S.K.: 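Take this structure first; my questions come after.
The structure presented is a predicted model; accordingly, all values stated were derived computationally and were not measured.
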Amino acid sequence: SLPAKLINGGIAGLIGVTCVFPIDLAKTRLQNQQNGQRMYTSMSDCLIKTIRSEGYFGMYRGAAVNLTLVTPEKAIKLAANDFFRHQLSKDGQKLTLLKEMLAGCGAGTCQVIVTTPMEMLKIQLQDAGRIAAQKKILAAHARLSAQGAAQPSVEAPATPRPTATQLTRDLLRSRGIAGLYKGLGATLLRDVPFSIVYFPLFANLDQLGRPASGEKSPFYVSFLAGCVAGSAAAVAVNPCDVVKTRLQSLQRGANEDTYSGILDCARKILRHEGPSAFLKGAYCRALVIAPLFGIAQVVYFLGIAETLLGLQRSQP
């Protein structure tokens, strides 16, 4: 039942995002900072400084966008994978690894319709605090320099915090619908390989935990399979996630590089920050994706929506 798949994906997305959003904010800020302007040394350092400067709810800046759009995003991803797996299977036979990867590829391609604008808006809101904090530090240095030179100091004007509605309106006015889809190529480059790795790996790990042919895996097996598969896929595509995050960031800190495209971004990161920069935020992303997809698979395989709708759950 398609409605059941959509509801399951939505429930899973809402629970998962609420649990892990602060870690995702730290990931975005760590990925966006460049060598000359390092504000944070680690995930915990980022979260502590965020709470000090922006309060507890500063860790949830951009969460409203995710909570609004994660339902269709996760629903499309899970339902598309299920659809492609069904189309590629013949007479109920087990899918080959290649066909599992093709199904994952189809799911990743479908989800970017929602993922790209969601990530575009979320990144601006998440990174606004880092940019504002950086401006405060530079203004403080300027005041000290001015006092040392016996010149009157100038207070930096407070930077207004953007909202998702304002950002959407401005992007549509200045760039049209294409403004919301900036970084589409980089998003595809991240999400398609992610799904190619994640869905076959999850299906095979989940299969290992089935007690007998035709029976569903236990609750904990689906959760652990989702966590392991999600973490492995997240770390594997992290270099693409770093490139995507940089390309989708509209505001830059002082002396930070700008990029004209995927290759230009990758080249400048490699030249100025070294190969290790492509793994920035990798452990944060693994910590985000593991529970997110673990929860998603548990909700999906338990068939919560089927129970709510009074439908008979078919065996996966």
S.K.: To the nearest 0.5 Å, what is the distance between SG on C227 and CG on L292?
M.R.: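 Output value for this atom pair is 10.0 Å.
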
S.K.: Could you walk me through whether N32 and S249 satisfy the side-chain hydrogen bond (donor to acceptor under 3.5 Å, both in side chains) test, starting with their C-alpha distance in whole Å, then the side-chain angles of each, then the deciding distance to 0.1 Å, before giving a yes or no?
M.R.: CA-CA 8 Å; N32 260 338; S249 297; 2.8 Å; yes

S.K.: When rounded to the nearest 0.5 angstrom, what is the spacing between CG in D170 and CZ in R175?
M.R.: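 Between atom CG of D170 and atom CZ of R175 there are 10.5 Å.
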
S.K.: Atom CG in L279, atom CG in D241: separation rounded to 0.5 Å?
M.R.: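 It comes to 11.5 Å.
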
S.K.: Who else is in I113's hydrophobic cluster (ILVMFWY, side-chain heavy atoms under 4.5 Å, direct or via others)?
M.R.: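 Its cluster partners, ordered by chain and number, are V65, L69, I76, L97, M101, V112, V114, M118, M120, L121, L125, L167, L171, L172, I177, L180, Y181, L184, L188, V192, I196, L250.
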
S.K.: Just verifying a value: how many Å separate F194 CZ and T187 OG1, rounded to the nearest 0.5 Å?
M.R.: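 Those atoms lie 13.5 Å apart.
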
S.K.: Quiz question: by atom type and distance under 3.5 Å, do the side chains of T163 and T165 form a donor-acceptor pair?
M.R.: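 Judged by distance alone, the side chains do not pair up.
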
S.K.: Counting only heavy atoms from other residues, nucleotides and ligands, does the tally under 6.0 Å from CD of Q251 exceed 12?
M.R.: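 Counting other residues, nucleotides and ligands, CD of Q251 stays at 12 neighbours or fewer.
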
S.K.: Look at the side chain of S231 and the backbone N and O of V228, then say whether any donor-acceptor pair between them is shorter than 3.5 Å.
M.R.: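 Pair absent, no side-chain N/O of S231 close to backbone of V228.
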
S.K.: Please determine if R85 and D82 form a salt bridge, counting it only when a charged side-chain N lies under 4.0 Å from a carboxylate O.
M.R.: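 Salt bridge between R85 and D82, a charged N being under 4.0 Å from a carboxylate O: no.
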
S.K.: Linking I/L/V/M/F/W/Y whenever any side-chain heavy atoms sit under 4.5 Å apart, do I48 and F57 land together?
M.R.: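 Different clusters: I48 never reaches F57 through Ile, Leu, Val, Met, Phe, Trp or Tyr contacts under 4.5 Å.
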
S.K.: Going from CZ on R271 to CG on D257, what distance comes out if it is rounded to the nearest 0.5 angstrom?
M.R.: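 One gets 8.5 Å once the value is rounded to the nearest 0.5 Å.
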
S.K.: Would you call R130 and E256 a salt bridge, using N to O less than 4.0 angstrom?
M.R.: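 So R130 pairs with E256 through a salt bridge.
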
S.K.: Side-chain heavy atoms nearer than 4.5 Å, only ILVMFWY residues, links allowed to pass through others: does that put L189 and L263 together?
M.R.: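 In one cluster with L189: L263, no.
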
S.K.: Can a side-chain donor-acceptor contact be found between T50 and R29 if the only test is distance below 3.5 angstrom?
M.R.: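 Indeed, the side chains of R29 and T50 share at least one donor-acceptor pair under 3.5 Å.
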
S.K.: Between CG of L287 and CE of M43, what distance do you get to the nearest 0.5 Å?
M.R.: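 Answer for the CG-CE pair, L287 versus M43, is 5.5 Å.
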
S.K.: So among N66, D24, T245, which one has a side-chain hydrogen bond (donor to acceptor under 3.5 Å, both in side chains) with Q126?
M.R.: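 The passing option is D24.
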
